[in-house]
Amino acid sequence: MNYWLMKSEPETFGIDALAARPRRTTHWDGVRNFQARNFMRDQMRIGDLAFFYHSNCEEPGIVGIVKVVKEGYPDDSAFDRKDKHYDAESDPNKPRWYMVDVQLQRKLKAPITLATLREHSNGALRGMLLLKRGNRLSITPVSAAHWRFILDLA
DNA sequence: GCCAACGTTGGC
DNA sequence: GCCAACGTTGGC
């Protein structure tokens with residue numbers, strides 16, 4: 001059982017949009033970064049939990065918890081010419097991009113802001129990838145210890 | 001294989 | 001809107 005952190009821009013797809021989906025479930029499509037793809041394709045397992053993180057917004061932070069309900073499979077938005085994330089290099093017979101399905105477990109009563117997380121960047125959350133300078137990776141693994149500590153903050 | 005140019009991310 | 005950091009691309 002692994003833990004993750006998945007970023008999404010609330011203006012594009014926020015936690016309330018996820019909550020409004022049938023079965024509160026969505027395809028995590030549109031990821032166009034090889035490292036993040038590898039996590040989805042090779043490492044994320046059904047039952048894994050992830051923090052849902054709002055990025056590039058007024059108050060960046062963790063806003064909820066989601067569960068992986070379908071393991072890596074081809075991201076078909078890459079095959080759709082009309083899609084924003086279309087990629088001519090991705091061949092349906094040899095897909096370049098993958099996605100997983102996640103289901104909302106719960107929305108936090110109050111977000112755990114990036115500022116709050118940073119307060120612990122030299123303590124309990126030392127080494128957390130999200131807090132590393134310049135980190136832009138949209139999916140990062142979270143250690144069990146970090147996961148528990150953050151849950152206690154919630 | 002190097003590396004400059006470019007596009008994107010994301011905090012502020 | 002700015003800009004630093006980073007991944008990717010492509011010329012050589």
Side-chain angles (χ1 to χ4, degrees), chain A residues 2-21 26-44 48-66 68 71-102 104-143 145-147 149-154:
Chain A
N2 295 307
Y3 299 104
W4 308 92
L5 181 141
M6 303 171 83
K7 297 181 187 173
S8 189
E9 301 190 9
E11 282 198 17
T12 307
F13 189 78
I15 191 149
D16 292 328
L18 176 56
R21 287 285 170 102
T26 192
H27 319 293
W28 205 264
D29 62 354
V31 170
R32 296 294 179 265
N33 170 281
F34 291 109
Q35 226 180 323
R37 176 207 65 185
N38 292 347
F39 287 139
M40 290 199 289
R41 189 190 58 186
D42 306 332
Q43 287 185 245
M44 294 178 100
D48 282 3
L49 297 174
F51 290 126
F52 189 105
Y53 178 92
H54 278 173
S55 68
N56 200 15
C57 58
E58 199 158 322
E59 191 167 67
I62 293 167
V63 291
I65 293 167
V66 299
V68 175
E71 295 181 4
Y73 63 108
D75 178 348
D76 50 16
S77 70
F79 310 138
D80 179 359
R81 271 179 197 284
K82 295 190 293 285
D83 196 282
K84 179 172 182 267
H85 299 289
Y86 173 68
D87 180 1
E89 304 290 305
S90 188
D91 176 350
N93 296 314
K94 197 167 179 273
R96 176 186 262 202
W97 304 113
Y98 283 73
M99 57 188 176
V100 297
D101 286 0
V102 297
L104 182 63
Q105 297 304 107
R106 64 187 175 98
K107 183 176 167 178
L108 299 184
K109 287 198 182 68
I112 304 167
T113 65
L114 178 60
T116 299
L117 295 170
R118 280 203 196 288
E119 286 171 18
H120 304 280
S121 59
N122 288 316
L125 297 181
R126 179 181 291 280
M128 188 179 181
L129 288 173
L130 175 76
L131 304 178
K132 290 240 159 105
R133 205 172 64 105
N135 171 59
R136 299 178 307 156
L137 199 53
S138 64
I139 298 177
T140 48
V142 174
S143 74
H146 288 169
W147 179 272
F149 180 81
I150 293 167
L151 275 189
D152 286 342
L153 292 175

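Note that the structure is predicted; figures quoted are calculated from it, not measured. Residue numbers start from 1 in every chain, and the chains themselves are labelled A, B, ... in the order their sequence lines are given, proteins ahead of strands.
- Distance, A:Leu114 CG to B:dG10 P: 11 Å, rounded to whole Å.
- Atom CZ in A:Phe13 sits roughly 20 Å away from atom C1' in B:dG10 (whole-Å rounding).
- A centroid separation of less than 6.0 Å is found between the aromatic rings of A:Phe34 and A:Trp97.
- When each of A:Phe39, A:Phe149, A:Trp147 is tested with A:Tyr3 by the rule ring-ring contact (aromatic ring centres under 6.0 Å, His included), just one qualifies, namely A:Trp147.
- Using cut-offs of 30° and 60° on the angle between ring planes, the pair A:Phe52 and A:Phe13 is tilted.
- At whole-Å resolution of the value, CZ in A:Phe34 and C1' in C:dC6 are 15 Å apart.
- Here C:dA5 presents its P atom at 18 Å from CG of A:Asn33, a figure rounded to the nearest Å.
- Remark: the backbone N or O of A:Val63 is not paired with any side-chain donor or acceptor of A:Lys107 at under 3.5 angstrom.
- A:Asp87 places its CG atom 15 Å from the C1' atom of B:dT8, with the value rounded to the nearest Å.
- Taking a cutoff of 4.0 Å between a charged side-chain nitrogen and a carboxylate oxygen, A:Arg32 and A:Asp87 do not qualify as a salt bridge.
- If you take CZ of A:Arg96 and C1' of C:dT9, they are 11 Å apart, rounded to a whole angstrom.
- No donor-acceptor pair closer than 3.5 Å links the side chain of A:Asn2 to the backbone N or O of A:Met44.
- Here the P atom of nucleotide C:dA5 and the NZ atom of A:Lys7 are 15 Å apart, to the nearest Å.
- Residues from residues 51-59 of chain A lying near DNA chain C, meaning a heavy-atom separation below 4.0 Å, are absent.
- Of the possible donor and acceptor atoms, one in the side chain of A:His146 sits under 3.5 Å from a partner among the backbone N and O of A:Ala124.
- Summary of helix geometry: the two end axes of the helix from B:dG1-C:dC12 to B:dC12-C:dG1, each defined by five base pairs via their C1' atoms, are inclined to each other by 10° (rounded to 10°).
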* Between A:Asp76 and A:Met99, is a side-chain contact (heavy atoms from CB on, under 4.5 Å) present by the stated rule, with each step listed? -> CA-CA 9 Å; A:Asp76 50 16; A:Met99 57 188 176; 3.9 Å; yes

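- Atoms CE (A:Met6) and C1' (B:dG10) sit 18 Å apart, rounded to a whole Å.
- In this structure, CG on A:Asp29 lies 10.5 Å from NZ on A:Lys84, to the nearest 0.5 angstrom.
- Here the closest non-hydrogen pair linking A:Ala36 and A:Val31 is CB-CG1, 3.6 Å.
- Looking at residues 119-143 of chain A, you'll see A:Arg133, A:Gly134, A:Arg136 sit with a heavy atom under 4.0 Å from some atom of DNA chain C.
- At distances below 3.5 Å, not a single donor-acceptor pair connects side-chain atoms of A:Arg37 with backbone N or O atoms of A:Asn33.
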